[in-house]
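Worksheet for the structure shown next.
Each chain gets a letter, A, B and so on, in the order the sequences are listed, and its residues count up from 1.
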Amino acid sequence: MKSLLDCAKFQTHIMKSGLTPRIIDVNHLINMYSKHSVIKDVQKLFDEMPERNVFTWNAIINTYVKDKNFSIARKLFNAAPFKDYVTYNTMLSGYVNSEGFQDQAVQLFAEMQFVDKVSEYALTTMLGLVTELSLLSYGRQLHSYMLKTGNSLSRYALSSLIVMYSKCGCFRDACMVYDGSDVRFVDTVSKNTMVAACFREGELEMAQDVFSSRPQSNDEVSWNTMISGFAQNGYEEEAIQLFRRMMEEGFVWNEHSFSSVISACSGVKNLKLGKEIHVLILKEGMSLNPFLSSSLVNLYCKCGLLNYAHSVCTTTQKENPFAVTPLIVGYSETGNMLEARSLFDSLPDKNHVVWTAMISGYVKAHQREDAFQLFRELMTQKTTIPDELIFVNLLGACAIHATFNYGKQIHACILRTGTAMDAKLANSLVDMYSKSGNVTYAQRVFQLAVDIDSILYNSMIAGYALHGYENEAIQLFSQMIERDFQPDEVTFLALLSVCRHRGLVKMGEKFFFSMTKDYKISPGTDHYASMIDLYGRANQLEKAVSLMEKLPMEPDAVILGAFLNACKMNRNAELAKAAEYKLLQIEGGNGSRYAQLAGIYASEGKWNEMGRVMKMMREREAKKTAGCSWVYVGDTVHTFISGDRSHSDNDAIYTILGCLIKELPKLSSTIFLEEDLCIFC
DNA sequence: ATAGGGTTAG
């Protein structure tokens with residue numbers, strides 16, 4: 001681009017000639033000043049022109065469009081005495097590329113159809129809009145319009161259509177456009193677009209094939225697309241290899257290459273290469289690039305070098321939410337919520353990613369109240385709309401804390417904000433409701449779900465298991481198989497859990513053997529622990545012992561713990577003692593294990609053994625955390641541990657508890673009091 | 001002469 005000085009020289013040259021300047025020369029000047037955003041000079045030139053043509057009008061409108069000053073741009077547009085295709089397209093692309101003006105774009109496009117000013121330019125511009133808004137049906141209409149009017153054949157049309165179909169989730173249509181196109185129109189850009197579309201769909205081989213076809217047409221972007229595609233699909237080593245090959249084959253690395261390869265490095269924690277790239281970035285003077293600084297921050301966070309990450313963040317772009325987000329995540333993971341929050345607060349413009357990171361940080365750090373407080377703040381400010389991930393996180397927090405009321409409110413919020421109910425979100429709701437004691441609500445969410453996957457089936461089966469609904473769980477499993485959803489180890493863990501709690505030994509054995517035989521899933525430690533627990537509860541200690549002997553792996557603490565329980569239920573202190581050594585070797589720091597052992601010996605009257613274990617526990621300073629139950633009443637959590645008499649309403653609570661025990665068939669560890677049962681109100 | 005297409009971030 002010519003410099004401002006050149007513009008001024010050109011202008012003096014015109015003026016010195018003493019003649020009335022030609023329109024074409026002034027138009028040229030306008031465009032030059034416009035590129036330098038000196039709008040005042042543009043406006044002055046325009047005002048002083050004795051005569052203007054359509055190029056003049058296009059130039060002035062374009063100046064204000066690029067400045068995002070749509071009120072003036074539109075006034076000029078309306079006032080223009082001549083309008084050609086370019087005039088319309090300039091205005092249209094301005095609307096399309098600015099947030100909040102998309103309605104105007106659609107309106108203008110309709111107007112253009114009316115005055116017969118639709119061109120291939122306008123159509124590809126509109127394709128960009130429907131892609132951004134994910135308006136597939138509108139995109140299809142545009143495609144038909146293009147076919148009908150012969151505007152679907154150029155390289156621009158081709159790439160725009162591929163992007164539109166790919167980003168709107170119709171990979172097959174993208175393929176059809178690409179495969180059905182005339183080779184003369186497939187240029188490097190359309191090819192690159194197709195490669196990117198394949199990666200978006202996870203079709204790595206197809207991406208490779210397209211890339212390798214006519215390799216002489218590949219450019220830097222082609223290579224960068226390949227690197228980022230492999231990195232994003234979890235093939236980090238391949239991405240790194242491609243990065244190296246790219247240079248060997250004579251292509252020059254740029255910001256995109258660096259950004260993608262750093263993210264590959266983060267994925268496999270390749271700190272060495274990451275640091276080398278960092279040096280290159282500094283050498284090339286690219287460290288102010290927000291994409292690069294954010295991926296470097298992310299790399300150092302993933303490798304546990306929070307101080308490096310923090311210094312990259314502060315020395316480059318402090319207010320880049322994409323650099324601050326990984327740091328917030330990093331600090332949250334180490335439990336440093338104060339630092340995380342201060343970074344969050346330092347951002348003047350927060351996108352929904354940052355909000356999600358901060359809220360999920362609180363959830364991970366078990367600061368549930370802070371998470372919900374921040375969520376309330378998010379809901380009161382209107383600029384950011386919570387996305388699915390925030391809801392998944394919050395529902396996870398509700399599930400951990402079994403907070404039915406909060407969970408229900410989040411559910412309502414999801415419905416109110418019109419967030420799409422995909423399998424992940426439905427899964428979180430099912431999990432939250434069943435863990436909060438309301439399996440009926442969980443069931444309703446499950447039944448209403450449209451987007452269903454095997455994980456959702458797992459959650460619902462686990463929900464039934466948690467509440468002892470063995471028939472429903474087993475029935476749902478049959479349905480899952482009938483509908484061709486693949487069960488996995490989690491499915492069988494849920495099924496075994498049902499059998500455990502209902503004492504269904506035969507059924508449990510059936511599932512346990514079937515998982516290997518019919519579904520080729522080898523049982524893990526949790527499955528063995530479940531079986532041992534099942535045998536223990538059914539007073540079949542001999543089967544538990546024989547399974548212990550056949551274990552294909554070293555027993556872990558969960559298996560040994562289950563075995564100890566089996567010993568306890570079957571009053572066999574000898575076998576328990578045999579397991580004691582191994583268990584304390586693995587979990588010598590866990591006080592609960594000593595208490596468990598002591599309990600077994602005590603129940604058999606082996607007081608010496610009990611004393612020995614308790615002494616060991618004291619000597620090793622193993623702490624036991626008390627199991628607790630809790631209820632929410634209003635905004636307050638009331639916590640109870642075994643034999644706890646410290647509550648201010650102690651007497652009332654125990655009186656009612658006595659009545660409840662008589663009436664309820666079984667008591668779960670968490671009791672939810674509906675309003676009419678509430679003893680605190 | 002002016003307007004439209006591809007690759008980067010949790």
Round to the nearest Å and state the distance from [X] atom [atom1] to [N] atom [atom2].
| X | N | atom1 | atom2 | result |
| --- | --- | --- | --- | --- |
| N320(A) | dG10(B) | CG | C1' | 13 Å |
| Y121(A) | dA1(B) | OH | C1' | 12 Å |
| M286(A) | dT8(B) | CE | P | 17 Å |
| D387(A) | dG10(B) | CG | C1' | 9 Å |
| Y85(A) | dG4(B) | OH | P | 17 Å |
| I162(A) | dT7(B) | CD1 | P | 12 Å |
| I262(A) | dG10(B) | CD1 | P | 12 Å |
| M194(A) | dG5(B) | CE | P | 20 Å |

Discussion item. Quick check on contacts: within residues 96-115 of chain A, what sits under 4.0 Å from DNA chain B by heavy-atom distance?
Written reply: none
Does [N] have OP1 or OP2 under 4.0 Å away from a side-chain N or O of [X]?
| X | N | answer |
| --- | --- | --- |
| Q232(A) | dT7(B) | no |
| K191(A) | dT7(B) | no |
| R155(A) | dG4(B) | no |

Worksheet item: Ring of F55(A) versus six-membered ring of dA1(B): centres under 5.5 Å and planes under 30°?
Response: yes
Worksheet item: Going by ring centres under 5.5 Å and near-parallel planes (under 30°), is Y156(A) stacked on dG5(B)?
Response: no
Pairing donors with acceptors under 3.5 angstrom, does anything connect the side chains of [X] and [Y]?
| X | Y | result |
| --- | --- | --- |
| D219(A) | S222(A) | yes |
| N393(A) | K364(A) | no |
| N27(A) | T56(A) | yes |

Item to complete: Scan for ring pair (Phe, Tyr, Trp, His ring centres under 6.0 Å) pairs involving residues 209-242 of chain A, sequence neighbours excluded, and state none if there are none.
Response: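 Sorted pair list: F199(A)-F230(A), F211(A)-W223(A), W223(A)-F251(A).
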Worksheet entry | Pairs satisfying ring pair (Phe, Tyr, Trp, His ring centres under 6.0 Å), at least one member in residues 102-135 of chain A, at least two apart | none
Worksheet item: Which part of the nucleic acid does T124(A) contact within heavy-atom distance under 4.0 Å: base, sugar-phosphate only, or nothing?
Response: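 Since a base atom lies under 4.0 Å of T124(A), the category is base.
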Worksheet item: Contact class for V163(A) vs. all strands (heavy atom < 4.0 Å): base, sugar-phosphate, or nothing?
Response: sugar-phosphate
Worksheet item: Residues in salt bridge (Lys or Arg N to Asp or Glu O under 4.0 Å) with R214(A), at least two apart?
Response: none
Fill in: Contacts of D187(A) that satisfy salt bridge (Lys or Arg N to Asp or Glu O under 4.0 Å) - sequence neighbours left out
R155(A)
Worksheet, complete the sentence: Residue pairs meeting salt bridge (charged side-chain N to carboxylate O under 4.0 Å, His left out), one or both in residues 244-256 of chain A, sequence neighbours left out, come to R245(A)-E249(A)
hbond_proxy [X] side chain to [N] base (donor-acceptor, 3.5 Å cutoff):
| X | N | result |
| --- | --- | --- |
| D187(A) | dG5(B) | yes |
| T325(A) | dG10(B) | no |
| S93(A) | dG4(B) | no |
| N27(A) | dA1(B) | yes |

